[in-house]
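Ligands are counted one by one from 1 in listed order, and the atoms in each one are counted from 1 as well.
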Amino acid sequence: MANYYITTPIYYPSGNWHIGHCYTTVICDCLARFHKMKGDNVFFLTGTDEHGQKVEKEAKKRGVTPREFIDPLVEELKDMWRLLDVGYDRFLRTTDADHAACVQKIYQKLYESGDIYKAEYSGYYCTPCEAFWTESQLVGGKCPDCGRDVALQKEESYFFRLSKYAPRILKLYEDNPEFLQPKSRINEMVNNFLKAGLTDLCVSRTTVKWGIPLPFDPKHTAYVWIDALSNYISALGYGTEHDELFRTFWPADLHLVGKEIVRFHAIIWPAILMALGLPLPKQVYGHGWLLIGGDKLSKSKEEAAKTQITDPYELVKAFGTDAVRYFLLREIPFGSDGEYTTERMVGRINADLANDLGNLVSRTQAMILQNFGAVPERGAPEGTDAELIAMCERLFERVDADMGALNVPEALGEIFAVVARANKYIDETMPWALAKDPAKRARLGAVLYNLAEAVRICAVALKPFLTKASAAILKSFSCDGDATTDALAFGLLQAGTPVEKLPPLFPRIDKKTLDALLAEHAKSAPAPKPAPQDGAPAPAKKPEIAFDEFARLELKVGEVIACEKVKKSEKLLHETVKLGEEVRSVVSGIAKFYTPEEMVGKKVVVVTNLKPVKLCGVLSEGMILCAEDSEGNLSLVSPERAVGSGATVR
Ligand code: ME8
């Protein structure tokens, strides 16, 4: 059994999630599922990149702690992965204690070996990219990566001897071109960075507090990119007593990343690993972008987001998990950029999923049920049977070759070629005509058996791609959804196996429906706002929840009987709240909006089953609900009529 370690980049908790964000992770999920299906021992890592100036500034702007700012966004991201059926093995947060300890170990080791030294940093910093630039690297005085403003920074810093590793990195690309793919990325790295030689990298900040303190000089925090890149080994327990995962899975088989962050993964990361004396990942692959109107899709392009649905929640609600996954996995030649429009997504859904796959499944099941009630007997092959069967039998080999070469869209193309062949087979064999002639009953059975097998095999092959449809089709043929690649052999379906008629898997989306969806979207899309300077946008819409999830909240009316300011905090009030017979201590971030005197006597709504926490050293045993307007002003939520404290809110 081979080991397979695959990683996504860890995401900035921006909350501004769009379909472009889903690209890297859905592809990684598909590759991880494919390897699991092959029987490999897989570890699939994803997570969040939570430290740094960007988060620190955004939290400050909102008057909350970085942690208070990040936590809900991390939950949103996890919800998004659930929605898209992304099944990772670990979700690492750079605020996790084991990760922070590992980053400190890495810094200590590099400091002791002399690869990290102290000097003065003077240069430019781009906060949205969390990247350092020299004056000559700027383009028109702006960040060469994102085109935004940079700030001149001068501070005492620690530096990593990146320059020392430039020749080894060039040699790495020469000796092992597979290390960085597609090939064009090697040229980009060599021409844009390595040819001119590398300068040493500033790897600590004294002006950023929201970061991991350096063990040998705690007034410095770790540079976010070193912190972030280290996640690929900290997640495996590198440098700890419990490093079984590290010993099993390192070096990684694949770091899949967007092309804009190849520089960090293909220059800085290998240099750090070389300095640590560790083996290098087998491959870094820099994929292309989803574009809107020729530009990288990002929610800050508000105009585009008004006419196009880019929000993953909205897309999954409209078209379903599988349809969104299918578009991401199929539409864009791997490694290239590709234009995204909602119309394109609908085009794919209608042509491939509704017409080709959906029709094949529904026609096959309807004809079996109508004529036999269950899977018929397999007959001797005739006519074009052999061609269809051969395609089914070769399918795994072809998909495996494409997936091995990271040709995910082509792998899906192989499966849909079998779907198309099976549809053509229906036209050739005309089962409806066979059904009219009792003498052709055995032949009708054989034709329908071949179709059932083609459908089953496509469903097995589709498991890593269309998680829901594959499971539904297999279940409707009474097959095990946990099937491995062994289930891709032709002829496994037994005669007499019960078949269930599925409702349409992918209903066709006609023009009227699409227009109505887009019109609805345009109405609900927020009015264009200027993008915040640091690129951190407002939190995304939350996904739907079931009533029982809502019912897990305990909400009660409380009466504030005493209130005072929390010492050392400008934001917090400490209320004593009466809830019927019970009295609780509650801390709320409302000091900017209410004075302690105003609070006393107010009837408020309290979430009473939140885990108690200490805020600035004061125990909080609940949360008072407030409404927040678009400017961030808070207003208490109170019962509209007189009601006693302790009353339930539901
Ligand atoms: O870069 N098309 O995080 P991130 C395709 N924290 N992919 C896109 C995309 C688009 N329009 N927009 C974003 C970071 N992505 C760092 C990584 S790893 C040690 C630290 C992809 O949240 C992007 O290319 O900005 C990247 O692969 C992923 O979303 C996360 O980007």
Side-chain angles (χ1 to χ4, degrees), residues 6-29 45-55 70 73-74 76-77 80-81 84 86 92-95 99 102-103 106 126-131 145-146 148 185 222-235 252 254-270 272-273 281 284-301 304-305 308 310-312 327-329 331-341 534-537 540:
I6 181 167
T7 68
T8 74
I10 45 175
Y11 283 67
Y12 291 128
S14 69
N16 203 359
W17 316 118
H18 55 71
I19 182 75
H21 281 125
C22 306
Y23 189 62
T24 326
T25 302
V26 166
I27 291 170
C28 279
D29 176 71
L45 176 70
T46 190
T48 37
D49 185 355
E50 303 184 8
H51 291 122
Q53 196 160 328
K54 197 159 36 173
V55 167
I70 294 166
L73 299 176
V74 172
E76 274 182 18
L77 185 65
M80 187 162 94
W81 297 148
L84 287 165
V86 168
L92 181 140
R93 300 183 57 172
T94 51
T95 48
H99 169 77
C102 178
V103 170
I106 291 171
C126 172
T127 307
C129 296
E130 300 279 13
D145 269 359
C146 72
R148 281 179 272 207
R185 308 281 177 241
Y223 170 42
V224 272
W225 266 101
I226 305 296
D227 171 355
L229 289 162
S230 307
N231 96 92
Y232 299 130
I233 53 177
S234 72
L254 178 65
H255 291 321
L256 183 65
V257 303
K259 63 180 180 180
E260 77 284 12
I261 51 174
V262 164
R263 180 167 72 95
F264 297 96
H265 287 83
I267 295 179
I268 298 175
W269 183 224
I272 299 275
L273 291 166
V284 172
Y285 192 101
H287 67 65
W289 291 335
L290 263 70
L291 309 174
I292 277 201
D295 287 333
K296 184 182 180 203
L297 197 168
S298 76
K299 268 268 183 91
S300 54
K301 308 234 175 329
Q308 295 297 330
T310 58
D311 179 343
F327 177 84
L328 292 170
L329 296 167
E331 179 73 7
I332 301 161
F334 205 51
S336 309
D337 293 343
E339 194 66 26
Y340 166 78
T341 62
D534 51 7

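The single protein non-hydrogen atom nearest to atom 2 (N) of ligand 1 is L290 N, 2.9 Å, given as residue, atom name and distance. The shortest contact between atom 10 (C) of ligand 1 and any protein heavy atom is with G20 CA, 3.6 Å. Closest to atom 29 (O) of ligand 1, if we only count protein heavy atoms, is Y11 CE2, 3.7 Å.
Proximity of a side-chain donor or acceptor of Y340 to a complementary backbone N or O of W289 within less than 3.5 Å is not detected. In this structure, the side chain of H21 engages the main chain of H18 through a donor-acceptor pair within 3.5 Å. Of the possible polar contacts, none joining the T48 side chain to the E50 backbone as a donor-acceptor pair under 3.5 Å is found. Formation of a donor-acceptor pair under 3.5 Å by the E331 side chain with backbone atoms of G338 is not found in this model. Formation of a donor-acceptor pair under 3.5 Å by the K259 side chain with backbone atoms of G288 is not found in this model.
Ionic pairing of R93 and D49 is not present here: no N-O contact between side-chain nitrogen and carboxylate oxygen is shorter than 4.0 angstrom.
Remark: distances from the non-hydrogen atoms of H287 to ligand 1 include one below 4.0 Å. Assignment of F264 to the shell around ligand 1 is not supported, since no heavy atom sits closer than 4.0 Å. Under a 4.0 Å heavy-atom criterion, E130 is not in contact with ligand 1.
Of the N or O atoms in D49, one or more lie within a sub-3.5 Å distance of an N or O in ligand 1. When only interatomic distances are considered, the shortest N/O to N/O separation between Y12 and ligand 1 falls below 3.5 Å. Polar contact with ligand 1: absent for V257 (N/O pair, distance under 3.5 Å). By the 3.5 Å distance cut-off applied to N or O atoms, L229 is not counted among the residues near ligand 1. Here's the thing with I10: one of its N/O atoms is less than 3.5 angstrom from an N/O atom of ligand 1. Residue T24 has at least one N or O atom closer than 3.5 Å to an N or O atom of ligand 1. Ligand 1 has a nitrogen or oxygen under 3.5 angstrom from a nitrogen or oxygen of L297. Annotation: G288 places no N or O atom under 3.5 Å from an N or O atom of ligand 1; distance criterion only.
Within the structure, the salt bridge (Lys or Arg N to Asp or Glu O under 4.0 Å) test picks out the following pairs touching residues 19-29 (sequence neighbours left out): D29-R33, D29-R325.
Of all the atoms in ligand 1, the ones that sit under 4.0 Å from a non-hydrogen atom of H21 are 13 (C), 29 (O). Close contacts between ligand 1 and K296 involve ligand atoms 9 (C), 11 (N), 12 (N) [criterion: under 4.0 Å to a heavy atom]. Of all the atoms in ligand 1, the ones that sit under 4.0 Å from a non-hydrogen atom of P9 are 17 (C), 18 (S), 26 (C), 27 (O). Using a 4.0 Å cut-off to heavy atoms of G258, the atoms of ligand 1 that qualify are 24 (O), 27 (O). The contact set between ligand 1 and A228, taken as ligand atoms under 4.0 Å from a residue heavy atom, comprises 19 (C).
When non-hydrogen atoms are compared, ligand 1 lies under 4.0 Å from the side chain of E260 (C-beta onward) but not from its backbone. When heavy-atom distances to ligand 1 are checked against a 4.0 Å cut-off, Y232 comes that close only through its side chain, counted from C-beta outward.
Taking the side-chain contact (heavy atoms from CB on, under 4.5 Å) definition, one finds that I268 meets it with L162, L201, I226, L229, F264, I272, sequence neighbours left out.
To the nearest 0.5 Å, the span separating CD1 on I292 from OG1 on T341 amounts to 8.0 Å. With values rounded to the nearest 0.5 angstrom, N231 atom CG is found 8.5 Å from D227 atom CG. Here the CD atom belonging to E130 is positioned 13.0 Å from the CD1 atom belonging to I261, to the nearest 0.5 angstrom.
Aromatic pair H287/Y23: centroids less than 6.0 angstrom apart.
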Practice prompt. Assess whether ring-ring contact (aromatic ring centres under 6.0 Å, His included) is satisfied between H255 and Y232, documenting all intermediate values.
Written response: CA-CA 9 Å; H255 291 321; Y232 299 130; 4.1 Å; yes
